[in-house]
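Here's the structure, in C-alpha cells; my notes come after.
Numbers here simply count residues along the sequence, with the first being 1. No hydrogens, no waters, no symmetry mates; every other heavy atom, side chains included, goes into these values.
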Amino acid sequence: TVAQVALDHEKPCLTTMTGMDGVNETLSATKDTPDGPVTEVVPAYMVPEDAVRALNAVERYAAWRRSSRGELVAPEGIDWQAIDAAQEIATDALLSAPAGRELRPEETSELLAAVGIELATGSGGEPAGGWPSDAVPLVVGATEDPLFGPVVSLRFHGSTAALLGTPSYRVPPLTDADVHDLVDSLQGSRLLAERGVDRAALEELIARVSVLADAVPELAELELSPVEVTPRGVVVHAARATVERPEVRQDARRRSISR
C-alpha cells in the first residue's frame, strides 16, 4: 500500500485521491521496530496543487529551522540610561494626558534621540525637489498590539506603496537575522539592491526602532515617514508618535515560536 511504501522510506510522502482529503486511517501502516511499533499515516489531498503547496510549506519551515537566528540587536549608544530617558518622556506625556495623546514634535524628537535616531533639520516631509534618482522612500513603524505586544513594520512610502503596499512585520526583541529578514520579506525589496542603498544603515535604524518599541510599552504607535534610503545612508524626514497606557504584557522574554 501507499502507507507501507511511505513507512519504508525516509522521504515525505503525500497522495492525491478523489473523495479523500486530510488524514485518514485508510492510508496508514504500522511496523515493529526495536523502539516499539511505528505508524505512518499518509495525508491525502483532493488535487495535486494542494499537495505541492503542503510540501513547499514543510520545506520552508525546515529551512527556517536550519537557519541561524542570529544575536539580539544591541545598537551602539543605547544603554539603560537611554531607555530611562525614553521612558521618562512617555511617562511625562501620560501625566499630562492620562488617556494618551500624540507627542508634540519636540517630544518626538527627544524620544527618538534617546535611542540615537535623528530627524532631518528643517524637513518634515518629502523633499521639495522630489526624491534623488537613487533614493528609496520607506516608512518604518512600530505599534503596541494587545495580543503580540510591540510590532515593528516596514513598507514603501508614496506612489511606490500603491504598487507594493504590503508591509513586512516582525515582533521584538529582534535579532540581526530578524532585521535582515524583515527587509528581505518586504514586497519589492529588490528595488533596494537595484539602487544600491546603504542597507546596513537601514537595518540599524530598524534595530533602534525595535529596541525602543520593546522597552517602552507606552509607545502605542510610532511612524517614521518618509525615510529616505540612498547609497549614502538614511535620512528620517518626519516622525509622529502616540503614547497610551498599555495593557500589561504577559511575557518579558522573546515572543516567537520555539524550535
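Legend: residues meeting side chain to side chain donor-acceptor pair (under 3.5 Å) with R245, ordered by chain and number and at least two apart, are absent. Residues satisfying the side chain to side chain donor-acceptor pair (under 3.5 Å) criterion with T16, sequence neighbours excluded, are absent altogether.
In this structure, H237 and P137 have side chains that are not in contact, with every pair of non-hydrogen atoms separated by 4.5 Å or more. Between D198 and P231, every side-chain heavy-atom pair lies at or beyond the 4.5 Å cut-off. P12 is listed as a side-chain neighbour of L55, based on a closest heavy-atom distance under 4.5 Å. Between L138 and V136 the shortest side-chain heavy-atom distance falls below 4.5 Å. Within the 4.5 Å cutoff, the side chain of C13 has no heavy atoms near those of the V5 side chain. Under the 4.5 Å side-chain criterion, counting only non-hydrogen atoms from C-beta, E102 is in contact with R240.
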Using atom types as modelled, flag every donor-acceptor pair under 3.5 Å from a side chain in residues 204-212 to any protein atom, sequence neighbours excluded.
residue	atom	partner	partner atom	Å
E204	OE2	R208	NE	3.1
E204	OE2	R208	NH2	2.8
R208	NH1	E76	O	3.1
R208	NH1	V115	O	2.9
R208	NH2	E76	O	2.8
S210	OG	A207	O	2.7

(request) Using the salt bridge (Lys or Arg N to Asp or Glu O under 4.0 Å) rule, take E223 and R155 through it: C-alpha gap first, then chi angles, then the decisive distance, then the call. (result) CA-CA 11 Å; E223 183 176 271; R155 60 183 172 86; 3.2 Å; yes
(message) Checking T166 against Q187 for the side chain to side chain donor-acceptor pair (under 3.5 Å) test, could you report, in this order, the C-alpha distance in whole Å, the side-chain angles of both residues, the deciding distance, and whether it holds?
(response) CA-CA 6 Å; T166 304; Q187 185 179 2; 3.3 Å; yes
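By the 6.0 Å contact criterion, CD on E118 is open, its count of non-hydrogen atoms from other residues, nucleotides or ligands being 12 or less. Other residues, nucleotides and ligands contribute more than 12 heavy atoms inside 6.0 Å of the CD atom of E194.
Expressed to the nearest 0.5 Å, how far CZ of R104 lies from CG of L111 amounts to 13.0 Å. Atom CZ in F156 sits 7.0 Å away from atom OG in S189 (nearest 0.5 Å). In this structure, T175 OG1 and R170 CZ are separated by 9.5 Å, a value rounded to the nearest 0.5 Å. For the atom pair CD1 of I89 and CG of L103, the computed distance is 8.0 Å after rounding to the nearest 0.5 Å. Distance check, rounded to the nearest 0.5 Å: CD of E218 to OG1 of T242 gives 13.5 Å.
Proximity of a side-chain donor or acceptor of R195 to a complementary backbone N or O of A135 within less than 3.5 Å is detected. Without hydrogens or angle criteria, T91 side chain to Q87 main chain gives a donor-acceptor distance under 3.5 Å. The main-chain N or O of D35 is found under 3.5 Å from a side-chain atom of T33 such that the two form a donor-acceptor pair. A donor-acceptor pair is defined here as one N or O able to donate and one able to accept, closer than 3.5 Å; no such pair exists between the side chain of E59 and the backbone of N56. With D134 contributing its side chain and T230 its backbone, the two residues share no donor-acceptor pair below 3.5 Å. A donor-acceptor pair under 3.5 Å links the side-chain atoms of R199 to the main chain of H180, judged by distance alone.
Taking 4.0 Å as the cut-off between side-chain N and carboxylate O, E244 and R101 do not count as a salt-bridged pair. No salt bridge links R190 with D184; every basic N to acidic carboxylate O contact stays at or beyond 4.0 Å. Between D178 and R69 a salt bridge is recorded (basic side-chain N to carboxylate O distance below 4.0 Å).
Here the rule is side chain to side chain contact (heavy atoms under 4.5 Å, CB included) with L224, and of V234, L112, V139 only L112 fits it.
Screening residues 46-57 for salt bridge (Lys or Arg N to Asp or Glu O under 4.0 Å), with sequence neighbours left out, gives D50-R53. Residue pairs meeting the ring pair (Phe, Tyr, Trp, His ring centres under 6.0 Å) criterion with at least one partner in residues 82-101, sequence neighbours excluded, do not occur; the list is empty.
When every heavy atom of P172 is checked against every heavy atom of P150, the shortest pair comes out as CD-O, 3.0 Å.
If you chain together hydrophobic residues whose side chains sit under 4.5 Å apart, L202 and W131 never meet in one group. Note: the hydrophobic cluster containing L119 also contains I78 (ILVMFWY, side chain heavy atoms under 4.5 Å, direct or indirect links). The same ILVMFWY cluster, assembled from side-chain heavy atoms under 4.5 Å apart, contains both V236 and V179.
Using modelled atom types, one finds a donor on one side chain and an acceptor on the other under 3.5 Å when comparing T39 with T30.
With a 4.5 Å cut-off between side-chain heavy atoms of Ile, Leu, Val, Met, Phe, Trp and Tyr, the cluster of W80 takes in none.
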